[in-house]
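What's counted below: heavy atoms across the whole structure, side chains too, no hydrogens, waters or symmetry copies.
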Amino acid sequence: TDDTFVLVAAFQHPDVMDLEPRERVAEAMARAGSSISVTSLTDLVAFLAGSYSSIPVVQAFCQFAAIGVSLTFFMQITSFAVAMYLAGEREQKEKLDVFCCVTASNPDKKLVGKGDFARDSPEILTRFLRDTYTPRLLSVPGKIIAVSLGVGLLALGIWACTQVEVDFQFKWFVPEDSYYQDTLKIEERYWGASEMPVSIYTFEGEYSSEIAQTQYSRMTTALDNNERLVLDSCINWWPNFVAFAETNATASMRTVDGQRIVSSSDFDATLLKFYNSNDGAAYTAYLTFTSDDQLRLSQIRCLDDGDKDGIPYRTEQMDEMRNIADICSAVDAVAFGPWYWNYDAHKIFLREIVINLAIALSGVFVIVTLMMGSLVPSLIVTTMLIIIDIEVLGSIYLAGDYFNTVTGINLVLAVGLSVDAVAHITHSFLAHDGTGNERAAQAVTEIGRSVFNGAMSTMIVLIPLVGARTYVFQVFFRTYVAIIGFSAFNGLVVLPVILSMVQPTSFNTIRNKLGMAEQGHSEKDAQSAIESANTDHQPEKRVVLMTTSI
């Protein structure tokens, strides 16, 4: 929404209000076009970076976001430009905005308050930013307070980042008022819902071989000694099979590396007898044979304990079971649990998020450098985005949430969302000349209203999520509020102060250095040129001066 408000602000600027609708739209697009191009392109790059993630949910989300940004920008420079032109024609014909077919009896009369509407006067928020806010913000005490607040908030964010934990639980995704949520609570209370089933599968191989039997026996011993499993929870056919073979007079037994095994020549026949006996009846669902009565597949079922919950402990359980399965490599033993996909995702999740953020920030840095023509503003924009991301990540801990795929997606999204406010203010600062305070004041006065309106409109859109009962939407609401809040704070409070002190080179100065001074016009010069051209009675000579950023 920021870009749309920037276009509207340029369209409603007092010095273009008296232009013909066509020239008015052209001037608005010329003034705001480069700014919205910067933010849209940086948004696109940030989301495209996330689309290269190896985590499918992050990849899909960023792909859709990139498509959304592209379509939004296209609509802004096409359909929305037409809408502004039609609005300009309506105003020129003195038609009402809501009832556009009705002519106003007194178009200059205020709808709220007394007196007439002054077309050349800024609206109330712009006047507040110009006359009240920026003079106080850019005063010495104001800068000290702004920098102190910024540093304090950043320090709190850094500390909170060190405290946030990684966790993800299935029950969070069940709505709070769902009957299934009640079921989960009852199960956890009486039967220990935290206990997770896990199995070790073995596949085709020479089960009768000495090495396979030895490894299987050692794997069984390791399972018995695994303290992360529920005691005596494993359904394992191997110990009972060995005990059956010991009592079977026809089976020849051997001891290899301290493990009791059946001789290879007797293994298949003895196992088949065990399978068909009363001793083996409990394991028929866990053994599969080939057509020639040789063991093909086997399964050992266990329960991971619930002494601790959360992703880190579950990941440790998974890794330990996989290490145990690796003991029996002769028959390709594999450990698997229904939630292993989730634990695997979170093992690489932090690394993936860091890589995606790094790519997104690098892309933003390159785009801003190319579009703004200077390294200093690019460094400022990128640094502000890093600060905002740190504060957003810290807010995850302060809100009582955990770092997982849901919150991580929002963290990647924060780069694309927060770049608008930061880039708009920086671009406007570079478009003006003067002292640092003068340029910062002009930037906040011109763009501050659009940034504020964009933040407020987004907050309003989020209001329906206040009562959300689903974890995804609850986290989405809290994180989005943090993103919008920190972006607005840093863009309207901290960034203007930093720009006023650092004072990156303006566009006009760059033009002068490149010998392009004749292209650098102030808004007043642009307006004079338009008015001069529009007084010509020959239609084909009517021109509009479009200022560019470089």
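E206 places no side-chain N or O within donor-acceptor distance of the main-chain N or O of A212, the cut-off being under 3.5 Å. A donor-acceptor pair is defined here as one N or O able to donate and one able to accept, closer than 3.5 Å; no such pair exists between the side chain of T202 and the backbone of V331. The backbone N or O of R228 lies less than 3.5 Å from a partner atom in the side chain of Q317, making a donor-acceptor pair. Between the D332 side chain and the F203 main chain, no donor and acceptor come within less than 3.5 Å of each other. A donor-acceptor contact shorter than 3.5 Å is absent between the side chain of S428 and the backbone of H424. Between the side chain of N226 and the backbone N or O of A222 there is no donor-acceptor pair closer than 3.5 Å. Under the 3.5 Å distance criterion, the side-chain polar atoms of E210 are left unmatched by any main-chain donor or acceptor of V256. Side chain of N236 to backbone of W238: a donor-acceptor contact under 3.5 angstrom is found. In this structure a side-chain-to-backbone donor-acceptor pair under 3.5 Å is missing from T284 to G280. Of the possible polar contacts, none joining the T426 side chain to the A423 backbone as a donor-acceptor pair under 3.5 Å is found.
Within the 4.5 Å cutoff, the side chain of S217 has no heavy atoms near those of the V242 side chain. With a 4.5 Å cut-off on side-chain heavy atoms, M456 and I484 do not count as touching. Looking only at side-chain heavy atoms (C-beta outward), L393 and F403 come within less than 4.5 Å of each other. In this structure, the side chains of V147 and V497 come closer than 4.5 Å at one or more pairs of heavy atoms. Looking only at side-chain heavy atoms (C-beta outward), D401 and Q474 stay at 4.5 Å or farther from each other. Looking only at side-chain heavy atoms (C-beta outward), T72 and S40 stay at 4.5 Å or farther from each other. Counting heavy atoms from C-beta outward, V451 and F5 have side chains that stay 4.5 Å or more apart. Between E165 and Y402, the closest side-chain pair of non-hydrogen atoms falls below 4.5 Å.
By the 30° and 60° cut-offs, the orientation of the rings of Y275 relative to F289 is perpendicular. Using cut-offs of 30° and 60° for the angle between ring planes, the F274 and F241 rings count as perpendicular. Classification of the Y343-Y340 ring pair by plane angle, with boundaries at 30° and 60°, yields tilted.
The shortest non-hydrogen separation linking A325 to A335 is CB-N, 3.7 Å. Heavy atoms only, all atoms of each residue included: A333 and M219 are closest at CB-SD, 4.2 Å. Closest approach of L492 and P496 over heavy atoms only: O-CG, 3.6 Å. Taking all atoms of both residues into account, the shortest heavy-atom contact from A421 to S487 is CB-O, 4.1 Å. Across all non-hydrogen atoms, the minimal contact from T288 to L295 is O-CD1, 3.6 Å. Here the closest heavy-atom approach between residue A66 and residue L44 is recorded as O-CD1, 3.6 Å.
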- Query: Please walk me through it: do Y313 and D305 pass side-chain contact (heavy atoms from CB on, under 4.5 Å)?
  - Reply: CA-CA 10 Å; Y313 184 73; D305 66 33; 2.9 Å; yes
- Task: Give the intermediate values and the outcome of side-chain contact (heavy atoms from CB on, under 4.5 Å) for residues V494 and L153.
- Result: CA-CA 11 Å; V494 179; L153 191 60; over 6 Å; no
- Going through the distances and angles, do L357 and L411 end up as a side-chain contact (heavy atoms from CB on, under 4.5 Å)? CA-CA 8 Å; L357 286 175; L411 200 62; 4.0 Å; yes
- Would you please test L271 and Y207 for side-chain contact (heavy atoms from CB on, under 4.5 Å) and show each step? CA-CA 10 Å; L271 179 58; Y207 285 89; over 6 Å; no
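Annotation: F477, atom CZ; neighbour count of heavy atoms from other residues, nucleotides and ligands within 6.0 Å is above 12. Remark: Y283 OH is packed, more than 12 non-hydrogen atoms of other residues, nucleotides or ligands lying under 6.0 Å away. Applying the 6.0 Å contact sphere to CG of N225 captures more than 12 heavy atoms from other residues, nucleotides or ligands. A 6.0 Å sphere centred on CZ of R322 holds more than 12 heavy atoms belonging to other residues, nucleotides or ligands. Around the CE atom of M501, the shell of radius 6.0 Å holds more than 12 heavy atoms that belong to other residues, nucleotides or ligands. Within 6.0 Å of CZ in R260 there are more than 12 heavy atoms belonging to other residues, nucleotides or ligands. In this structure, I211 places its CD1 atom where only 12 or fewer heavy-atom neighbours from other residues, nucleotides or ligands lie under 6.0 Å away.
Put simply, SG on C302 and CG on L229 are 5.0 Å apart, with the number rounded to the nearest 0.5 Å. How far CD1 of I396 is from CZ of R478: 10.0 Å, rounded to the nearest 0.5 Å. Distance check: C161 SG to L398 CG gives 9.0 Å after rounding to the nearest 0.5 Å. Atoms CD and CD, from Q259 and Q213 in turn, are 11.0 Å apart once rounded to the nearest 0.5 Å. Separating the OG atom in S277 from the CG atom in N240 is a distance of 9.5 Å, to the nearest 0.5 Å. One finds the CD atom of E227 at 8.5 Å from the CD atom of E320 (value rounded to the nearest 0.5 Å).
F244 has its ring centre no less than 6.0 Å from the ring centre of W237.
When the options D389, I387, V481, I388 are evaluated for a side-chain contact (heavy atoms from CB on, under 4.5 Å) with F486, the one that passes is I388.
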